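For clarity, every value in this text was computed on a predicted model and none was experimentally measured. Proteins get letters first, then strands, A, B, ... in listed order; numbering begins at 1 in each. Any value given below was found using the heavy atoms of this structure, including those in side chains, with hydrogens, waters and symmetry copies removed.
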There are 2 protein chains.
Amino acid sequence: MFSMSLPTLADVARAVGVSRTTVSNAYNRPDQLSKQLRDRILAAAEDLGYPGPDPVARGLRRGRTGVVGLVYDEPLSYMFTDPAAVLFVTGLATVFDDAGTSLALLPRLRVDDPDAGVLAEAAVDGLVSFCEASDDERIAAFVARRLPFVTVDGGSTRAACRVGIDDRGGTRAATRHLITLGHRRLAVAAFPRHHHEGRPGRPERGALRPARLGGIRDAVEDAGLPWDSVVVESADEEGTRREAGRRVGGRILDRSPRPTAVVAMSDELAAGVIDAARDRAISVPDELSVVGFDDTPTAASTAPALTTVHQPLVAKGETAARLLLDGAPDAVVELPVELVVRESTAPPP
Amino acid sequence: MFSMSLPTLADVARAVGVSRTTVSNAYNRPDQLSKQLRDRILAAAEDLGYPGPDPVARGLRRGRTGVVGLVYDEPLSYMFTDPAAVLFVTGLATVFDDAGTSLALLPRLRVDDPDAGVLAEAAVDGLVSFCEASDDERIAAFVARRLPFVTVDGGSTRAACRVGIDDRGGTRAATRHLITLGHRRLAVAAFPRHHHEGRPGRPERGALRPARLGGIRDAVEDAGLPWDSVVVESADEEGTRREAGRRVGGRILDRSPRPTAVVAMSDELAAGVIDAARDRAISVPDELSVVGFDDTPTAASTAPALTTVHQPLVAKGETAARLLLDGAPDAVVELPVELVVRESTAPPP
DNA sequence: TGGCGACTCTGTATCGATTCAGAGCACGAG
DNA sequence: CTCGTGCTCTGAATCGATACAGAGTCGCCA
């Protein structure tokens with residue numbers, strides 16, 4: 001009545017009186033045997049309750065599993081919550097979906113897992129890394145497996161295959177826009193700093209996305225302004241990014257002299273800054289200009305609508321997915337960005 | 001210089017001059033060999049470029065892969081876009097993340113894939129099905145593999161292990177609320193109908209989530225009102241759910257006599273209905289009452305704030321994940337719902 | 001009649017690891 | 001001196017399938 005273990009292909013072969021190869025062919029190469037025999041095999045399989053070739057065994061023999069992994073190094077909820085991440089993953093998932101490939105959300109890299117066991121143990125055909133390059137060393141554990149690997153937005157990564165955007169040019173353009181409008185007291189609402197507390201030999205690194213900060217600095221220095229006149233405040237990781245932005249915005253706006261313009265590293269942060277301004281009855285853009293980055297739906301829905309740097313997030317996901325599927329080993333793709341001027345920027349008061 | 005294929009555990013064993021078992025133990029059971037030998041083995045592995053035990057081979061031998069699958073039967077983008085889905089998946093992913101398990105987003109079940117090959121071929125330890133029960137037959141292909149399997153919100157499913165909510169009670173309470181307020185001309189903004197065009201022998205089924213419709217009917221009939229006085233409009237699948245809701249709302253509001261209250265099957269649809277009302281300068285709640293379902297963040301952010309049926313979405317995800325991890329084969333969990341009255345409902349004009 | 005190709009089907013090696021029972025050895029207790 | 005015990009390490013079997021080379025049969029054509 002109740003068999004401990006599932007029948008295998010060999011059981012079916014025995015039942016029908018054919019070789020294992022033939023049963024395998026019945027599933028994988030219908031043209032290699034007569035329709036008649038095939039039907040007999042399939043019927044026997046049905047009888048025995050054989051669920052078809054085991055995916056893992058097949059994966060071992062074939063050398064591919066039909067799964068690609070995604071590593072993400074921020075609080076997991078952001079992947080579903082942060083509009084930029086959502087758009088990116090949507091692009092990614094759509095292409096994989098069409099290709100019949102599964103997308104495995106790998107567990108976060110853990111501070112207490114310096115060997116990146118998770119990456120070494122993931123049964124995948126390839127990997128998309130959607131996190132800061134600071135994890136290069138851990139990701140090496142994966143690269144050693146010689147599987148296709150695409151890094152997305154990996155600032156300083158040396159990975160062979162990557163897709164990214166012109167972060168630096170983006171914030172540079174945004175900052176120049178503000179300076180051109182006449183702003184001189186600038187502030188930056190930056191991403192949180194990365195935490196490596198638990199990792200020996202890994203000093204605290206700078207803020208996330210140094211290239212975006214670099215672009216701001218470029219524009220500031222291009223204009224002959226002193227970089228240290230720029231206030232840089234980093235977000236924390238409590239709650240949503242927007243909430244964090246509101247706190248950062250608060251810290252920026254409570255300084256004196258109060259900055260007249262804020263460059264935020266993402267639209268969520270920018271929206272939070274606008275929230276903070278509203279909290280303080282500071283008018284945007286009359287008393288404060290704010291620029292964002294990403295051009296997610298958030299940017300169009302803030303009041304006032306956000307001036308921001310557009311990046312093709314869905315396309316970025318699609319590109320990454322396609323690179324992985326095509327197995328292009330050494331492609332380096334940089335997608336363009338574009339400043340979109342809306343209503344959140346104006347000359348300073 | 002360049003070897004065609006990666007070294008295997010056997011190569012390492014040969015290099016060090018020990019048995020394969022010992023190398024395996026070096027990775028999996030450090031206490032089974034002397035620290036000294038272990039270090040020697042690990043060093044040799046490093047030298048040879050051996051990336052550690054192959055996950056697929058290990059999976060085959062061990063019988064588990066560390067991956068669970070998620071099937072979703074709506075346009076994939078909804079998983080990241082629809083707030084209710086987002087909350088659910090967040091709960092799911094959080095628990096798996098903590099457990100060190102990967103969550104594989106399986107490709108959508110395809111109309112042209114009646115054998116559910118995707119499900120039969122997924123190399124997973126278990127499956128969460130987040131789709132309508134109408135796919136029972138296809139999911140049977142998975143169940144045959146005797147792996148843990150949890151159905152979420154699977155209306156009419158007969159699956160052994162499921163978690164859901166009291167859909168029927170929820171819409172019933174919401175509808176009763178409207179009727180108590182005095183509404184008599186009710187309309188329903190329903191989910192899209194399922195499409196089975198391509199599948200022989202599968203007639204078009206009713207709308208998604210019949211239980212929610214059933215609850216509405218319950219309340220209507222409890223009140224002694226004729227069911228066929230209730231207008232039921234189904235959404236389509238173009239664009240976002242909210243956009244679809246706006247179109248459905250338009251169709252409802254353009255009828256005459258115009259209904260005075262709308263029961264929407266989700267907050268997104270409800271928000272869309274409110275959008276449609278605004279398009280037509282119909283005041284909510286003065287001229288039109290709207291109730292939603294889910295109590296996602298959307299509900300609090302519409303203007304006016306939405307009266308809705310709260311369901312514990314994150315908890316639903318967590319519960320499903322935990323059931324799967326615990327391998328509870330026959331649990332049936334029904335989470336409670338609760339009517340939350342806000343500002344979108346009032347007596348009819 | 002011989003030869004060739006098409007069609008079916010088979011046997012064995014292989015994918016890369018883990019498991020399990022047990023062998024060899026050293027050491028302390030009795 | 002012997003036995004039991006603990007520590008290391010080994011060998012063979014096994015997980016469940018697919019690849020590859022080839023064997024047998026049959027019909028067709030020269």
Would you check, one step at a time, whether the test salt bridge (charged side-chain N to carboxylate O under 4.0 Å, His left out) holds for Asp97(A) with Arg108(B)? CA-CA 7 Å; Asp97(A) 192 38; Arg108(B) 247 187 120 177; 5.8 Å; no

Side chain to side chain contact (heavy atoms under 4.5 Å, CB included) evaluation trace for Phe149(B) with Leu324(B): CA-CA 7 Å; Phe149(B) 173 62; Leu324(B) 208 60; 5.5 Å; no

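Contact check on Asp54(A) versus Arg58(A) returns no salt bridge, with no Lys/Arg side-chain nitrogen under 4.0 Å from an Asp/Glu carboxylate oxygen. With respect to the salt-bridge test (charged N to carboxylate O, under 4.0 angstrom), the residues Arg162(B) and Asp153(B) do not qualify.
Inspection of the Arg38(A) and Asn25(A) side chains reveals no N or O donor paired with an N or O acceptor under 3.5 Å. For the residue pair Thr22(B) / Ser19(B), a side-chain donor-acceptor distance below 3.5 Å is found, with atom types taken as modelled.
Counting to the nearest Å, the C1' atom of dG16(D) and the OH atom of Tyr27(A) are 13 Å from each other. When the P atom of dA13(D) is taken as reference, atom CG of Leu60(B) falls 18 Å away, rounded to whole Å. What separates CD of Glu121(A) from P of dG16(C) is a distance of 18 Å, to the nearest Å. Here dC9(D) presents its P atom at 8 Å from CD1 of Ile41(B), a figure rounded to the nearest Å.
For the OP1/OP2 pair of dT19(C) and a distance below 4.0 Å, the side-chain nitrogens and oxygens of Arg29(B) include at least one atom meeting the criterion. Residue Ser24(A) has a polar side-chain atom (N or O) positioned under 4.0 Å from OP1 or OP2 of dT18(D).
One axis for each end of the helix from dT1(C)-dA30(D) to dG30(C)-dC1(D), each built from five base pairs, and the angle between them comes to 50° at 10° resolution.
Distances from the side chain of Leu9(A) to the nucleotides dA17(C), dT18(D), dG16(D) place dT18(D) closest. Out of dT18(C), dT18(D), dC15(C), the shortest distance to the side chain of Arg62(A) is found at dT18(D).
Closest approach of Leu60(B) to Val56(A), counting heavy atoms only: N-CG1, 3.3 Å.
Judged by distance alone with a 3.5 Å cut-off, a donor-acceptor contact links the side chain of Arg61(B) to the base of dT14(D).
Sorted by residue number, the members of residues 44-56 of chain A with any non-hydrogen atom under 4.0 Å from DNA chain D read Tyr50(A), Gly52(A), Pro53(A), Asp54(A).
Between Ala57(A) and Asn28(B), the residue anchored closer to the 5' end of DNA chain C is Ala57(A), taking for each the nucleotide with the nearest heavy atom.
Note that the CG atom of Leu127(A) and the CZ atom of Phe142(A) stand 4.5 Å from one another [nearest 0.5 Å].
Using the six-membered ring where Trp is involved, Phe130(A) and Tyr72(A) have ring planes that are parallel, under 30° apart on the 30 and 60° scheme.
Checked by atom type and distance alone, the side chain of Asp11(B) pairs as donor or acceptor with a backbone atom of Thr8(B) at under 3.5 Å.
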Sort me out a list of protein N/O and nucleotides 8-10 of chain C N/O pairs below 3.5 Å, or just none if empty.
from: dC9(C); atom 1: OP2; to: Ser34(A); atom 2: N; distance (Å): 2.9
from: dC9(C); atom 1: OP2; to: Ser34(A); atom 2: OG; distance (Å): 3.4
from: dT10(C); atom 1: OP2; to: Ser19(A); atom 2: N; distance (Å): 3.1
from: dT10(C); atom 1: OP2; to: Ser19(A); atom 2: OG; distance (Å): 3.3
from: dT10(C); atom 1: OP2; to: Thr22(A); atom 2: OG1; distance (Å): 2.6

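A heavy-atom distance below 4.5 Å is found between the side chains of Leu33(B) and Ile41(B).
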